[in-house]
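Heads up, the thing below is written out as structure tokens.
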Amino acid sequence: MFDRRELDAILRVYGRMVARGDWRDYAIDGLSDRAVFSVYRRTSEYPLYRIEKLPANARRQGAWSILAPGGAILKRGHDLSALLRFFDRKRFSVIG
């Protein structure tokens with residue numbers, strides 16, 4: 001699962017996006033091989049983004065990844081704070 005520091009960093013980004021009106025709900029899943037933080041625009045939809053922690057990939061591509069609704073990997077890395085900067089981009093906007 002996520003530790004307190006990781007969850008705090010994710011929830012800070014989540015709070016900013018909720019304040020902007022882009023995100024409205026989230027879910028946390030603790031699977032046997034990974035931890036997943038899913039972000040929703042509406043609760044009845046598929047997640048807009050999934051932030052996954054997969055410890056098995058920690059030495060190779062990095063334990064962290066951001067996935068699009070179709071499962072495409074948008075960003076992958078070893079450092080969570082660097083990965084979360086993906087959502088700070090000025091050009092980033094949700095279409096929907």
Side-chain angles (χ1 to χ4, degrees):
M1 284 300 291
F2 301 109
D3 65 28
R4 184 180 203 110
R5 183 180 41 83
E6 296 164 346
L7 196 54
D8 182 50
I10 293 170
L11 288 173
R12 263 189 270 122
V13 171
Y14 174 77
R16 279 198 317 263
M17 299 304 276
V18 167
R20 284 179 36 182
D22 293 335
W23 296 351
R24 295 215 172 102
D25 200 8
Y26 71 91
I28 299 174
D29 296 311
L31 305 174
S32 62
D33 64 336
R34 70 187 75 208
V36 182
F37 187 93
S38 303
V39 177
Y40 297 88
R41 183 144 177 86
R42 291 180 191 86
T43 55
S44 62
E45 298 178 346
Y46 289 103
L48 286 174
Y49 298 100
R50 291 187 325 235
I51 301 168
E52 290 191 355
K53 177 183 178 183
L54 184 61
N57 285 347
R59 290 189 176 182
R60 289 175 279 178
Q61 301 105 347
W64 296 98
S65 57
I66 297 175
L67 294 109
I73 297 173
L74 300 174
K75 189 160 175 84
R76 181 182 286 162
H78 296 278
D79 183 28
L80 178 62
S81 60
L83 186 87
L84 292 176
R85 279 188 234 128
F86 172 82
F87 298 111
D88 292 339
R89 297 182 185 171
K90 299 272 188 225
R91 62 186 178 163
F92 176 77
S93 63
V94 176
I95 300 172

Exercise for the section: May I ask whether Val18 and Val13 are part of the same hydrophobic cluster, defined by side-chain heavy atoms of I, L, V, M, F, W, Y residues being less than 4.5 angstrom apart, directly or through others? Expected result: yes
Handout entry: Pairing of Asp8 and Arg4 as salt bridge, 4.0 angstrom limit
Key = no
Exercise for the section: To the nearest 0.5 angstrom, please state how far the CD atom of Glu52 sits from the CG atom of Leu83. Expected result: 11.0 Å
Problem - CZ-CD1 distance between Phe2 and Ile10, expressed to the nearest 0.5 angstrom - result: 4.5 Å
Completion exercise
ring-ring contact (aromatic ring centres under 6.0 Å, His included) filter on Tyr26, not counting sequence neighbours, yields Tyr14, Phe37
Exercise for the section: Ignoring hydrogens and angles, tell me if any N or O in the side chain of Arg41 forms a donor-acceptor pair with the backbone of Gly21 under 3.5 Å. Expected result: yes
Practice task
Report whether Leu7 and Tyr49 are members of the same hydrophobic cluster (ILVMFWY, side-chain heavy atoms less than 4.5 Å apart, transitive linking).
Solution key: yes
Problem - Shared hydrophobic cluster for Val39 and Leu74 (ILVMFWY, side-chain gaps under 4.5 Å) - result: yes
Exercise for the section: Establish whether Phe86 and Leu54 are linked, either directly or via other cluster members, by ILVMFWY side-chain heavy-atom contacts under 4.5 Å. Expected result: no
Exercise for the section: Could you tell me whether the side chain of Asp3 and the main chain of Arg5 form a donor-acceptor pair under 3.5 Å? Expected result: yes
Fill in the blank from the handout: Between the CZ atom in Phe87 and the CG atom in Asp22, the distance rounded to the nearest 0.5 Å is 10.5 Å
Completion exercise
Rounded to the nearest 0.5 angstrom, the CG-NZ distance for Leu80 and Lys53 is 9.0 Å
Handout entry: Closest non-hydrogen atom pair between Ala35 and Met1, with its separation
Key = CB-CA, 3.9 Å
Under 3.5 Å, which donor-acceptor pairs link side chains of residues 58-67 to any protein atom two or more places apart or in another chain?
from	atom 1	to	atom 2	distance (Å)
Arg60	NH2	Ala56	O	2.9
Arg60	NH2	Asn57	OD1	3.2

